Amino acid sequence: MIISASTDYRAAAKRRLPSFLFHYIDGGSYSEHTLKRNVEDLSGIALRQRVLNDMTELDLTTELFDETLSMPVALSPVGLTGMYARRGEVLAARAAANLGVPFTMSTVSVCPIEEVAPAISRPMWFQLYVLKDRGFMRNALERAKAAGVTTLVFTVDMPVPGARYRDAHSGMSGPYAAPRRILQAMTHPHWALNVGLLGKPHDLGNISAYRGNPTGLEDYIGWLGDNFDPSICWKDLEWIREFWDGPMVIKGILDPDDARDARSFGADGVIVSNHGGRQLDGALSTCRALPAIADAVKGDMKILVDSGIRTGLDVLRMLALGADCTMLGRAYIYALAADGEAGVTNLLKLIENEMRVAMVLTGARTIADASSELLVQS
Ligand code: FNR
């Protein structure tokens, strides 16, 4: 078993959430092979210990797309964040901003972007899915621009949703989903009181802005599921570029050829990601996919990576494998579900501290020092 703060937050999240929501976060696609490999492959990468180098001065700051990050970490977009804690998007965004790292707001958010952006002290990032309804996409981009979003994260690994069998078991999806979900939610006093059901109902801000007046989450998930667009192709980047002139990163790249194409179609960066093992089961873990992508495009564009990162050691490992910056998904979502804004703040502080300790013990004084020199064959 891997011992980390995120393991403890995961256990607390499991206690605090109705099980359909916990398993929606925790699960992956099909037999969850890639989900497991993301964590196991990464934690198995050996770091090279170095000693007696006077490591009193460390600098974790990172420059990315004209922003200064306190450390090479950002929060990945996670759908329905406002279902895991009341106003979850605002809480996670505030924790990230206060610690000097970017928060990425998902297309599939509960709080409206107009509520999240003014609540935080630094500009945030926004994630866009390709949907058949191009009017939805254009409207989302216009709202993101008006809200002062700096970087657009364009997710391309969801032309069809992956089959997540855990969701069918738990009642998140399938023919009897709605009544089972309501039943489970009602028997979870924490969630029912503090997030949904018995408290002030969610206004589903992003949703109602686009869909007229839906009756709730059910309509939205159904509409979204029908709207993923398998026709998505590189040409769509040109269309997006007409509406977005700021930095754009393509999320869901696992292959060096796709990274090169992303560069030639004008992307400023890629996020090496397998969607946290939620899409193509059997796809490479990201720590194994990353080195070839770094060989192909390092220096020409920014390389970000997510999937399986749980600790500060994992952050350092990904940098050593060629990433410029890392992103957290479930790690911060478990912390949010367990303890709200304080949970995300604490998790980020722990990750920073773990990085500092690991940098001292590997002899890396700056983020630029975190190269393949830090790795050793095990
Ligand atoms: C996601 N992810 C995701 N990605 C995205 O681009 N838009 C989205 O709305 C979502 N929604 C979402 C929901 C949940 C519950 C999870 C767990 C993940 C993928 C996410 O951005 C990220 O790629 C993974 O979470 C990274 O893997 P780890 O760190 O969770 O292992």
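One-based numbering, in listed order, for ligands and for the atoms of each. These numbers were taken from a predicted model, which means no experiment stands behind them. The first residue of the sequence shown is numbered 1, and numbering continues consecutively from there. Excluded from the calculations below are hydrogen atoms, water molecules and symmetry mates; all remaining heavy atoms, backbone and side chain alike, are included.
Among S76, S109, G276, S273, the residue whose heavy atom lies nearest to atom 24 (C) of ligand 1 is G276.
Between W234 and F265, the ring-plane angle classifies as parallel under the 30° and 60° cut-offs.
Remark: the E142 side chain and the W244 side chain contain no N/O donor-acceptor pair separated by less than 3.5 Å. Side-chain contact, T56 with D54: a donor N or O sits under 3.5 Å from an acceptor N or O. Between the side chains of T362 and Q49, no donor N or O sits under 3.5 Å from an acceptor N or O.
Close contacts between ligand 1 and S106 involve ligand atoms 8 (C), 9 (O) [criterion: under 4.0 Å to a heavy atom]. Residue K251 has at least one heavy-atom neighbour below 4.0 Å for each of these atoms of ligand 1: 4 (N), 5 (C), 6 (O), 19 (C), 20 (C), 21 (O), 22 (C), 23 (O). Atoms of ligand 1 found under 4.0 Å from any heavy atom of R330, numbered from 1 in the order shown, are 17 (C), 27 (O), 28 (P), 29 (O), 30 (O), 31 (O). Applying the 4.0 Å criterion to heavy atoms of S307 picks out, from ligand 1, the atoms 26 (C), 27 (O), 28 (P), 29 (O), 31 (O). Heavy-atom proximity to G329, at under 4.0 Å, picks out these atoms of ligand 1: 25 (O), 29 (O), 30 (O). Atoms of ligand 1 found under 4.0 Å from any heavy atom of T155 (numbered from 1 in listed order, with element): 5 (C), 6 (O). Atoms of ligand 1 lying under 4.0 Å from at least one heavy atom of I25, given by number and element, are 15 (C), 17 (C).
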With side-chain hydrogen bond (donor to acceptor under 3.5 Å, both in side chains) as the test, would you mind laying out the steps for T68 and E63 before giving the verdict?
CA-CA 5 Å; T68 303; E63 299 296 322; 3.0 Å; yes
Between S285 and D41, is the side-chain hydrogen bond (donor to acceptor under 3.5 Å, both in side chains) condition met? List the steps.
CA-CA 7 Å; S285 59; D41 290 353; 2.6 Å; yes
Show your reasoning for whether side-chain hydrogen bond (donor to acceptor under 3.5 Å, both in side chains) applies to N274 and S307.
CA-CA 7 Å; N274 53 35; S307 302; 3.2 Å; yes
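At least one heavy atom of D306 sits less than 4.0 Å from an atom of ligand 1. Residue contacts with ligand 1: R310 is included, with a non-hydrogen atom under 4.0 Å away.
Judged by the 6.0 Å distance and 45° axis criteria, R278 is positioned over the aromatic ring of Y24.
Under a hydrophobic-cluster definition in which Ile, Leu, Val, Met, Phe, Trp and Tyr are linked whenever side-chain heavy atoms come within less than 4.5 Å, directly or via other members, W125 and M248 are assigned to different clusters.
Considering backbone and side-chain N/O atoms, I309 never comes within less than 3.5 Å of an N/O atom of ligand 1. Considering both main-chain and side-chain atoms, R278 never comes within under 3.5 Å of ligand 1 through any nitrogen or oxygen pair.
The backbone and the side chain of H275 each have at least one atom closer than 4.0 Å to an atom of ligand 1 (non-hydrogen atoms only).
For atom 12 (C) of ligand 1, the closest heavy atom belonging to the protein is G79 N, 3.5 Å. The nearest heavy-atom contact from the protein to atom 8 (C) of ligand 1 is Y129 OH, 3.0 Å. In this structure, the protein non-hydrogen atom closest to atom 10 (C) of ligand 1 is P77 O, 3.3 Å.
Rounded to the nearest 0.5 Å, atoms CE (M327) and OH (Y332) are 8.5 Å apart.
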